[in-house]
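In this text, all values refer to a predicted model and were calculated from it rather than measured experimentally.
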Amino acid sequence: QVQLVESGGGSVQAGGSLRLSCAASSYVYSTACLGWFRQAPGKEREGVAAIVTGSGSTYYADSVKGRFTISQDNAKNIVYLQMDSLKPEDTAMYYCAAESGNFGGYCNTYEYLFGYWGQGTQVTVSS
């Protein structure tokens, strides 16, 4: 069964932190590449970070490097996104995604790699 459930969103002031969690069913967690995306009103969805659940290799968009950290808990099938030094431009709906399995295990933040999506969790950063 394919299931991705995000949690941890909320409202925070600029400079603050939030940690998002993505609980994945065993099936999607085994696909190896899980990622976080975000979409702000009126903008296209943007890849934020991705992780290879086996090796722990990580990938980040330039806009979040040094501020966001993606990590995993393989025992619980959970992927986290720690967001520090948040800015108003980080305001968006954040989605967890799992790779479709059609690209030979390649992992990065490119949307075309992902075939399974969660419902999203809202992050609002005020100035």
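- Side-chain contact between E111 and W117 is present, with heavy atoms from C-beta onward closer than 4.5 Å.
- Atom OH of Y110 sits in a sparse spot, with 12 or fewer heavy atoms from other residues, nucleotides or ligands closer than 6.0 Å.
- Taking 4.5 Å as the limit, some side-chain heavy atom of R38 sits within range of a side-chain heavy atom of V64.
- Between D84 atom CG and L18 atom CG the span is 9.5 Å, to the nearest 0.5 Å.
- If you check the side chains of S25 and N77, you find no donor sitting under 3.5 Å from an acceptor.
- The line from CZ of F114 to CZ of F103 is 10.5 Å long, rounded to the nearest 0.5 Å.
- For S71, the side-chain contact (heavy atoms from CB on, under 4.5 Å) partners two or more places apart in sequence, or in a different chain, are Y80.
- With respect to M83, the side-chain contact (heavy atoms from CB on, under 4.5 Å) criterion is satisfied by exactly one of L20, D90, V12: L20.
- From I70, atom CD1 reaches atom OG of S57 across 11.5 Å, with rounding to the nearest 0.5 Å.
- Within the 3.5 Å criterion, the main-chain N or O of S11 finds no donor-acceptor partner in the side chain of T124.
- Among all heavy-atom pairs drawn from P88 and S127, the shortest one is CG-CB, 3.9 Å.
- Looking only at side-chain heavy atoms (C-beta outward), Y60 and D62 stay at 4.5 Å or farther from each other.
- Two residues are said to be in side-chain contact when any heavy atoms from C-beta on lie closer than 4.5 Å; V48 and L81 meet this criterion.
- In plain terms, the two heavy atoms of S21 and I78 that are nearest each other are CB-CG2, 4.3 Å.
- For W36 and F68, the gap between ring centers reaches or exceeds 6.0 Å.
- Figure legend: R45 and Y95 shown as a cation-pi pair, the cationic atom lying under 6.0 angstrom from the six-membered ring centre and within 45 degrees of its axis.
- For the pair K87/R67, a side-chain contact is recorded, criterion being any heavy-atom separation below 4.5 Å from C-beta on.
- Side chains of T109 and E46: no donor on one and acceptor on the other come within 3.5 Å.
- Taking hydrophobic clusters as Ile, Leu, Val, Met, Phe, Trp and Tyr residues chained together by side-chain heavy-atom distances below 4.5 Å, L34 shares a cluster with V123.
- Q82 is listed as a side-chain neighbour of S17, based on a closest heavy-atom distance under 4.5 Å.
- The line from CD of Q119 to OG of S7 is 13.5 Å long, rounded to the nearest 0.5 Å.
- Among residue pairs with one or both ends in residues 84-127, those qualifying as disulfide bond (SG atoms under 2.5 Å apart) are C22-C96, C33-C107; sequence neighbours excluded.
- By the 4.5 Å heavy-atom criterion applied to side chains, E89 and T91 are not counted as neighbours.
- Between A24 and L4 the shortest heavy-atom distance is CB-CD2, 3.7 Å.
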